[in-house]
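So you know, we letter chains A, B, ... as the sequences are listed, proteins then strands, and number each from 1. The shown structure was predicted, so the numbers you read here are calculated from the model rather than taken from an experiment.
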Amino acid sequence: NAGVTQTPKFQVLKTGQSMTLQCAQDMNHNSMYWYRQDPGMGLRLIYYSASEGTTDKGEVPNGYNVSRLNKREFSLRLESAAPSQTSVYFCASSEGRNEQYFGPGTRLTVT
Amino acid sequence: RKEVEQDPGPFNVPEGATVAFNCTYSNSASQSFFWYRQDCRKEPKLLMSVYSSGNEDGRFTAQLNRASQYISLLIRDSKLSDSATYLCVVNKYYGGSQGNLIFGKGTKLSVKP
């Protein structure tokens with residue numbers, strides 16, 4: 001079992017470029033999440049998907065879009081990257097609203 | 001009061017010491033409580049769930065005080081490998097249903113030889 005996987009591990013973008021962060025889980029979990037983590041801010045929820053076919057905004061959704069492609073995969077898209085989106089992005093999954101399991105993260109720098 | 005509040009530390013302790021972390025939460029209706037561990041530049045990993053009666057896993061003991069809305073984590077006989085940031089996690093609970101998890105900002109622990 002790989003658990004939760006994320007690609008890419010690292011990415012550097014120029015302001016205005018777009019990219020999609022990929023996440024997949026093999027634990028057959030219904031719920032999936034995208035967080036960002038900045039120094040001193042802790043983990044902040046961007047978007048989540050309680051089940052296949054549904055997505056909802058979290059605490060900091062502006063500048064992001066998501067797609068729940070199927071039960072396994074949940075992607076995060078930055079349409080026009082800004083320096084304020086420089087962060088570490090974590091994907092997580094859970095069964096219901098219980099403990100979450102995290103992927104290894106994507107370190108994104110926007111210049 | 002912040003939703004989940006922790007002392008940021010850092011806690012610098014010698015090997016073998018006992019160290020305790022505290023956490024307070026604001027939503028009295030919260031139902032689920034966890035401690036996560038996050039190593040530097042790594043993802044958070046579940047350390048243990050916290051049950052009403054308190055629970056222990058080896059050198060780690062977690063306790064919950066619902067009346068005071070307070071959670072604690074005790075680490076006995078600290079090891080160098082315990083050095084990490086410890087995140088207190090509580091679920092939101094509103095409108096009669098369980099919501100998403102809220103993560104504290106974490107308490108940094110550094111265990112020295």
Side-chain angles (χ1 to χ4, degrees), chain A residues 1-7 9-10 21 23-25 27 29-51 54-61 66 74 87-109, chain B residues 2-10 21 23-27 29-51 55 57 60 62 64 71 73 84-108:
Chain A
N1 270 2
V4 180
T5 56
Q6 292 183 235
T7 56
K9 286 190 166 51
F10 301 93
L21 281 65
C23 174
Q25 53 93 9
M27 295 176 281
H29 285 163
N30 282 314
S31 302
M32 297 186 74
Y33 310 82
W34 276 105
Y35 292 89
R36 61 178 289 173
Q37 188 174 39
D38 303 291
M41 299 295 292
L43 283 162
R44 291 185 291 170
L45 183 64
I46 304 171
Y47 270 93
Y48 65 100
S49 170
S51 60
T54 69
T55 60
D56 285 288
K57 293 178 181 179
E59 183 186 350
V60 288
V66 290
F74 189 37
S87 189
V88 181
Y89 291 85
F90 289 106
C91 176
S93 71
S94 70
E95 191 48 50
R97 303 292 179 102
N98 296 313
E99 62 269 20
Q100 295 177 13
Y101 297 89
F102 286 80
T106 295
R107 295 186 175 273
L108 175 67
T109 301
Chain B
K2 291 182 187 171
E3 288 186 291
V4 179
E5 201 153 5
Q6 297 181 249
D7 181 340
F21 303 136
C23 167
T24 56
Y25 61 94
S26 62
N27 187 339
S30 292
Q31 299 289 313
S32 303
F33 309 90
F34 309 95
W35 283 102
Y36 276 70
R37 169 197 170 122
Q38 187 172 22
D39 292 289
C40 188
R41 301 178 72 82
K42 298 285 190 182
E43 73 272 24
K45 291 186 177 174
L46 179 66
L47 179 66
M48 59 198 300
S49 301
V50 185
Y51 303 117
N55 48 300
D57 182 1
F60 299 84
L64 169 65
I71 306 161
L73 176 68
T85 297
Y86 291 83
L87 308 177
C88 174
V89 184
V90 176
N91 83 304
K92 269 190 162 175
Y93 193 89
Y94 50 84
S97 62
Q98 192 171 229
N100 289 324
L101 298 183
I102 304 298
F103 288 78
K105 293 182 181 179
T107 298
K108 188 171 182 179

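Put simply, of B:Val89, B:Leu101, B:Ile102, the one with the most heavy-atom pairs under 4.5 Å next to chain A is B:Leu101. By number of non-hydrogen pairs under 4.5 angstrom with chain B, the leading residue of A:Ser31, A:Gly42, A:Gly103 is A:Gly103. Per-residue counts of heavy-atom pairs under 4.5 Å with chain B were compared for A:Met41, A:Glu59, A:Arg107; the largest is that of A:Arg107.
Legend: residues meeting side-chain contact (heavy atoms from CB on, under 4.5 Å) with B:Thr24, ordered by chain and number and at least two apart, are B:Arg1, B:Glu5, B:Tyr70.
Proximity of B:Leu87 to A:Leu43: side-chain heavy atoms (C-beta onward) are separated by under 4.5 Å at one or more points. Looking at A:Glu99 and B:Tyr36, their side chains come closer than 4.5 Å, going by heavy atoms from C-beta outward.
A pairwise comparison of heavy atoms in B:Phe34 and A:Asn98 identifies CZ-C, 4.2 Å as the closest pair.
Residues of residues 32-39 of chain A placed with any heavy atom under 4.5 Å of a heavy atom in chain B are listed by number as A:Tyr33, A:Tyr35, A:Gln37.
The distance from atom CG of B:Asn100 to atom OG of A:Ser94, rounded to the nearest 0.5 Å, is 8.0 Å.
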